[in-house]
Number of protein chains: 2
Amino acid sequence: MILSTKGRYGLKAAFELSRNYGLGPVSLKKISEKYGISESYLEQLFAKLKKDGYIDTVRGPQGGYLLAKKPEEITVGMVLRTLEGEITTSDCLNKEVCSRESICATRVIFEKIEKSINDVIDNITLADMYEEQKNILTEGKNEQETLS
Amino acid sequence: MILSTKGRYGLKAAFELSRNYGLGPVSLKKISEKYGISESYLEQLFAKLKKDGYIDTVRGPQGGYLLAKKPEEITVGMVLRTLEGEITTSDCLNKEVCSRESICATRVIFEKIEKSINDVIDNITLADMYEEQKNILTEGKNEQETLS
DNA sequence: TGCAATCCCTACTATTTCAGTAGGGTATAA
DNA sequence: TTATACCCTACTGAAATAGTAGGGATTGCA
């Protein structure tokens, strides 16, 4: 498992906010109930996303969390990096041996893996996710559920 | 860091064996000294690779480990899966909610990430790594080191 | 024949991360 | 003024990580 619940829960929750973009704040309680995620745990994830400027908050009754940017300005990569840290495959085992990096075959592999992940997560925004979800729904005609 | 030392050390060591393919066994001691990896720890990694049929062993003096298959028949993915387990991004949070998988936007993202990683690691063999290393060496003309 | 090199196997351990829980505090709409 | 919501810090059990320790079994070679 290369992603922990931090990234998995966090992305789900961020997507939930993006689906409510422009409609006012969404409370933690709603999101945590909807997905069965611990409220307090999710709170800690949102605190990080707020610190990095991706979400804003409104306190008091009818308050909650909302995106601080447009869904098309927030990538999956931004969310995952905030919550999981930089996506890397390898620190060098040994700095001295690794000064020979130009001939390090394993390093090349690790860089390819990193690049392939980053290519995916940096090129999908929350808005893209929403579009894709709509497409899936349109195609799956006997899927009775509405966007939920 | 999406790979632990298991996969990182193990791939390095497997590559070392592939570089000695056809030249007899290589001892743990040599490999662990060369890369500064704990002998006993590496031993445990090799035990897994042996169990999965990727390497063979020769006991006694001048013994050691050697590839059980041709370098072109062992992919990076085989080695990494043996040592790290299946590369996945997400078990479903909640099986009930996840029965709605067809409209789960985050799931689509996670599948894309998984696929991009697997595309890389399943399409590079140990033989490919060796070829690539030779190319790098040929290009870097003022690189004085030999393949080491 | 014996010894040293080598792999084989199991158990133990310190540290860190994960996935939360607990329990208070502060702002604010109604 | 009160209930609703976010804010913040500290704590915790369980698991994984990255090894260490210490024997045992083979076997090539002198």
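Note that these values count all heavy atoms, side chains included, but never hydrogens, waters or copies made by symmetry. What you see is a predicted model; the values in this text were computed from it and never measured. Residue numbering restarts at 1 for every chain, and letters A, B, ... go by the order of the sequence lines.
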key: Phosphate OP1/OP2 of C/dC7: any B/Ser27 side-chain N/O under 4.0 Å   = no
From OH of A/Tyr41 across to C1' of D/dC7 the rounded distance in Å is 18 Å
Mind checking A/Thr57 for me? I need base, sugar-phosphate or nothing, with any heavy atom below 4.0 Å counting as a touch. sugar-phosphate
For A/Leu83 and A/Gly10 the tightest heavy-atom approach is CD1-CA, 3.5 Å
Is there a donor and acceptor pair, one atom on the side chain of A/Gln44 and one on the base of D/dC8, closer than 3.5 Å? no
To the nearest angstrom, the CG-P distance between B/Leu28 and C/dC8 comes to 9 Å
By nearest-heavy-atom nucleotide on DNA chain D, the more 5' of A/Pro61 and A/Ala47 is A/Pro61
Output yes when at least one side-chain N/O atom of A/Tyr65 is less than 4.0 Å from OP1 or OP2 of D/dC7, else no.
yes
For A/Lys30, which contact category applies under a 4.0 Å heavy-atom criterion: base, sugar-phosphate, or nothing?
nothing
In terms of the angle between their ring planes, are A/Phe15 and A/Tyr130 parallel, tilted or perpendicular, with boundaries placed at 30° and 60°?
tilted
May I ask you to say what B/Ser40 touches in the nucleic acid, namely base, sugar-phosphate or nothing, with a heavy-atom cut-off under 4.0 Å?
base
B/Lys48 NZ to D/dA16 C1', in whole Å, measures 11 Å
Practice prompt. Look at B/Lys48 together with B/Asp52 and state whether they make a salt bridge at an N to O cut-off of under 4.0 Å.
Written response: no
Atom CG of A/Leu3 and atom C1' of C/dA19 are separated, to the nearest Å, by 15 Å
*Please tell me if the side chains of B/Ile87 and B/Asn118 come closer than 4.5 Å, counting only heavy atoms from C-beta onward.*
yes
Below 4.0 angstrom, N of the basic side chain to O of the carboxylate: do B/Lys34 and B/Glu16 qualify? yes
**Message:** Can you tell me whether the side chain of B/Arg59 and the base of D/dT27 have a donor-acceptor pair closer than 3.5 Å?
**Reply:** no
_A/Val79 side chain near A/Tyr54 side chain, heavy-atom distance below 4.5 Å_ = no
Separation of C/dC7 atom P from B/Leu66 atom CG, nearest Å, is 11 Å
Problem set entry | Presence of donor-acceptor pair under 3.5 Å, side chain of A/Glu43 and base of D/dC7 | yes
By the 4.0 Å heavy-atom rule, please label B/Lys51 as base, sugar-phosphate, or nothing. nothing
Can you see if the side chain of B/Tyr9 gets near the phosphate of D/dG19 - specifically, an N or O under 4.0 Å from OP1 or OP2? yes
In whole angstroms, the gap separating P of D/dA16 from CD1 of A/Ile2 amounts to 17 Å
Strictly below 4.0 Å: does A/Ser38 bring a side-chain N or O up to OP1 or OP2 of C/dT21? yes
In whole angstroms, the gap separating P of D/dA18 from CZ of B/Arg8 amounts to 7 Å
Atom CG of A/Asp56 and atom C1' of D/dC7 are separated, to the nearest Å, by 15 Å
The answer to which of A/Gly60 and A/Glu39 contacts DNA chain C further toward the 5' end, by nearest nucleotide, is A/Glu39
Practice item. Give one of base, sugar-phosphate or nothing for A/Lys6, where a contact means two heavy atoms less than 4.0 Å apart. Key: sugar-phosphate
